[in-house]
Amino acid sequence: MHKVFNDLLSDDVVTPIHIVEGNKSIFDTDMEYIIPLYQRAYAWEDKQLIQLIEDINDIADDMNYYIGTLIVSRQDNLFEVVDGQQRLTSLYLLLNCLGYEVKNTLTFACREKSNYTLQNIQDLLQMNRSKLDMERIEPGIQNGINVILQEINKFNKEQFCDKLSRVVVYRIEVPENTDLNRYFEIMNTRGEQLEQHDILKATMMGYLTDEKDKAIFAKIWDACSDMTGYVQMHFSSRGNKVREAIFGSYWNDMPLKSWSNYKKNVKVSSLNGAGKNIKEIIQHDFRGNMDEGYLDDDIRVRFESIIDFSYFLMHTLKVYVTIKGISHENAALKLIDELLDDKKLLESFSRVVKHGVSVKGRINDNKEFFSREFIICLLRTRYIFDKFIIKREYANESSDGEWSLKSLHVSGKQSKKKAYYRSTRFTCKGEHNQEIRSNERNKQNIMLQSALRVSYTSPKVMHWITQLLIWLSEDKYTNALGDDLSIFNGVVESIAKKAVRKQFFGDCHEDNDIYEMGVGTPHIVFNYLDYLLWKENPKKYDDFAFEFRNSVEHWYPQNPSEGTFESWKEGVDRFGNLCIIQRNVNSKFSNMSPEAKKSTFKEMISKGSIKLRIMSELTEKGDGKTASLYWKDEKCEEHEKNMIQILREACFRDGE
């Protein structure tokens with residue numbers, strides 16, 4: 001743990017608490033938990049909730065699972081929650097969704113909507129809307145409930161509850177008269193405990209014997225661990241000496257493979273201040289390096305990675321094992337699990353060290369060599385990741401951000417150099433209109449990668465990133481990572497095609513032209529189809545962007561509002577009748593007729609999935625029938641045939 005954490009907890013009361021134990025839960029207490037006003041409202045979204053539920057479901061049968069700390073301050077007959085309120089509220093929602101009788105001992109200070117929602121959660125779960133004032137329902141909590149209900153239905157409830165009974169949280173009571181504002185700041189901006197990657201860093205540095213090797217290792221690790229911006233900008237030193245020693249005078253060369261180059265080119269004197277230790281980080285006046293560069297017109301930008309550092313380490317380990325030809329010493333065993341799990345980070349690296357073998361021998365026999373080789377692989381992979389894997393770019397504080405695929409460049413000379421960013425180029429040597437074709441390919445690549453990103457929301461299953469990083473790390477490509485990567489789009493698209501072929505065409509009854517997977521239709525099918533529709537007419541759909549549309553819905557409903565129009569029993573689950581929307585869209589959507597959806601959700605549809613837009617356009621009266629019935633009887637089948645044909649032609653082109 002951080003020293004600051006130990007110091008602050010020297011007089012604290014630490015109590016391990018099972019989330020559920022027998023018929024009681026963490027909320028069965030005479031003490032009320034209150035979320036103070038200085039804390040933000042409930043803000044966990046799909047990603048965090050899905051991760052929480054998957055982590056619980058992954059618990060091994062023979063162990064308890066430590067879910068984190070809940071830091072509180074005892075105030076008479078209540079606990080003021082200083083840190084951990086997002087997780088605590090999520091657990092409250094989860095227990096209710098699982099059917100536990102949960103005592104109402106969680107409240108928000110001065111947040112009437114939040115309290116009203118929690119107090120009436122059972123009516124919300126049972127859809128007793130007549131008993132509720134929906135205007136007083138907190139949208140964030142309602143969305144959390146919807147996400148949890150959808151996710152827990154994927155698992156066996158009895159087995160999931162058994163795993164939940166082995167989840168433990170440590171409730172820590174801070175000493176009386178503690179400055180809570182200062183405590184809250186430290187816990188939330190510095191982190192209360194060491195992460196697994198901190199321990200991994202110390203372990204791998206321990207393999208090194210030379211002090212300069214250790215200094216270079218630490219400098220590279222610290223730069224790569226900051227997943228914001230571009231890795232070059234995290235190598236700060238006087239006169240940019242370290243940055244230029246590694247990335248060249250224009251800051252955009254691929255880092256070299258040989259450790260001797262780093263030993264020769266990086267001077268020890270320039271490594272001073274390379275990264276900060278824990279003691280420095282917790283100081284009140286500590287400020288991180290925010291130098292992320294500028295656009296050409298000097299507008300500050302912020303680039304946000306689509307994965308965090310722990311998962312980046314997992315991807316890099318797979319890259320390293322693949323390109324170095326490392327396998328398990330027991331050929332019958334896997335060296336690395338297929339699933340990316342940041343909670344098994346140390347275990348994964350330990351297994352590679354203990355059991356990994358290559359043509360150069362056993363890793364365990366030369367850990368120092370492994371440490372040097374891996375840190376170079378980490379740096380090179382991060383360089384490739386920044387240049388060829390999408391990020392979210394925020395051009396202004398008010399911007400919602402957009403998908404971005406750019407490379408870092410430098411302008412100016414000597415001390416006046418500064419970074420700027422332009423679209424990563426994808427051209428063929430010798431082709432005409434290089435810039436036009438490069439921009440077109442860049443846009444297509446952004447669309448393809450963002451389609452994959454929003455299809456696979458859990459970082460545990462973002463195997464597409466690993467596949468691309470491995471492909472880009474092969475020698476025949478890393479030797480020419482500049483402009484001649486025009487075939488990269490095909491590599492990205494092949495990943496989407498393979499998923500659609502396996503998860504959709506492989507599971508449907510093609511011989512009978514039956515494509516009825518209902519709400520279980522993989523999201524990649526909708527998103528890849530949207531990409532194909534966009535690519536066919538990019539000008540028409542120039543406003544389209546891939547977003548986290550994570551709810552598969554029926555256009556003609558499964559359960560029509562009672563007495564309004566006829567139900568559809570056979571065929572309602574067919575692909576032509578399905579669309580993908582954002583989960584936070586009004587829940588009334590599911591039971592409304594296509595005609596009503598078209599008029600009620602006009603704005604959402606105009607910004608939504610391209611398939612959804614087409615479905616809306618096709619919902620018109622015909623053959624003397626209402627628009628909804630005409631859709632059900634004729635247009636749905638016509639639409640499905642067109643969409644399936646587009647998918648089939650793309651997925652099985654040239655005998656694929």
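Start at 1 with the first residue, then count along the sequence. Everything quoted here is computed from the prediction, not taken from an experiment.
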Could you tell me the separation between the NZ atom of Lys241 and the NZ atom of Lys267, rounded to the nearest 0.5 Å? 9.5 Å

Find out whether Leu408 and Met233 are in side-chain contact, i.e. whether some heavy atom of one side chain is under 4.5 Å from a heavy atom of the other. yes

Write down the atom of Asp341, the atom of Met314, and the distance for their closest heavy-atom approach. O-CE, 3.8 Å

Please say which of Phe309, Phe312, Trp221 ends up in a ring-ring contact (aromatic ring centres under 6.0 Å, His included) with His197. Phe309

Measure the spacing between OG1 of Thr228 and CD of Glu304 and express it to the nearest 0.5 Å. 9.5 Å

I want to check something: taking the side chain as every heavy atom from C-beta on, are Val353 and Tyr207 in contact at a cut-off of under 4.5 Å? yes

Salt-bridged, Arg382 to Asp386, with N to O below 4.0 Å? yes

Using side-chain heavy atoms (C-beta onward) and a distance below 4.5 Å, is Ile384 in contact with Met254? yes

If we only count heavy atoms from C-beta on, is the His234 to Asp222 side-chain gap below 4.5 Å? no

Can you check whether Tyr531 reaches Glu493 side chain to side chain, under 4.5 Å on heavy atoms? yes

Check: Ser310/Asp308 side-chain N/O donor and acceptor closer than 3.5 Å: no

To the nearest 0.5 Å, what is the distance between CZ on Arg380 and CD1 on Ile376? 8.5 Å

Side chain proximity check, Ile306 to Ile465, heavy atoms < 4.5 angstrom: yes

Using the ring centroid of each side chain, check whether Phe374 and Phe217 are separated by less than 6.0 Å. no

For Gln444, is the CD atom crowded, meaning more than 12 foreign heavy atoms sit under 6.0 Å from it? yes

Side-chain H-bond candidate by donor/acceptor type, Glu54 with Ser458, under 3.5 Å: yes

Tightest non-hydrogen contact, residues Ser249 and Val410, listed as O-CG1, 4.2 Å

Whether Tyr320 and Phe370 hold their rings parallel, tilted or perpendicular, with breakpoints at 30° and 60°: perpendicular

Tell me, do Tyr230 and Trp251 make a side-chain contact under 4.5 Å, heavy atoms counted? no

Taking the side chain as every heavy atom from C-beta outward, state whether Ile389 and Leu405 have any pair of such atoms under 4.5 Å apart. no

